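One structure is given below, represented as structure tokens, and several questions about it will come after.
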Amino acid sequence: MGIIAWIILGLVAGLLARMLVPGKDQQGLIITLVLGVAGALLGGFVATKVFHVSGIQGFFNLSTWICAIVGAAVLLLAYNLITGRRTGRRSGRWAGRR
């Protein structure tokens, strides 16, 4: 795949991952793009090493998109944990107070 295809794949995978991961979306388009491209690479690497299948086969291949979206969602969760952003609903005694 060419660089333009990687950018498009990363952007779409990042946007889909943002829809799948619960919580507020504070990151911008550039962070989404970077997480999507890195997620595509991570998903392809993990699919190759763990499942012994080629995760990144072509732009229109379903396994490429699944690997990219899952990888981007994992990186988005890690990004939210590192930056301190909460995902999901708040619970506990102090949930209603700010």
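Remember, it's a predicted structure, so these values are computed and weren't measured experimentally.
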>> Under the rule for side chain to side chain contact (heavy atoms under 4.5 Å, CB included), what residues qualify as partners of A38, not counting sequence neighbours?
In response: L75
> With L20, which residues qualify under side chain to side chain contact (heavy atoms under 4.5 Å, CB included), at least two apart?
Replying inline: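 Counting only residues at least two positions away or on another chain, L20 forms a side chain to side chain contact (heavy atoms under 4.5 Å, CB included) with I69.
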> In Å, rounded to the nearest 0.5 Å, how long is the span from SG of C67 to CG of L62?
Replying inline: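 It comes to 9.5 Å.
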> Which heavy-atom pair separates A13 from A72 by the least distance, and what is that distance?
Replying inline: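 Smallest interatomic distance, heavy atoms only, reads O-CB, 3.9 Å.
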Output side-chain donor-acceptor pairs under 3.5 Å for residues 28-37, partner residues at least two apart or in another chain, one line each.
residue: T32; atom: OG1; partner: R18; partner atom: NH1; Å: 2.9
residue: T32; atom: OG1; partner: G28; partner atom: O; Å: 2.8

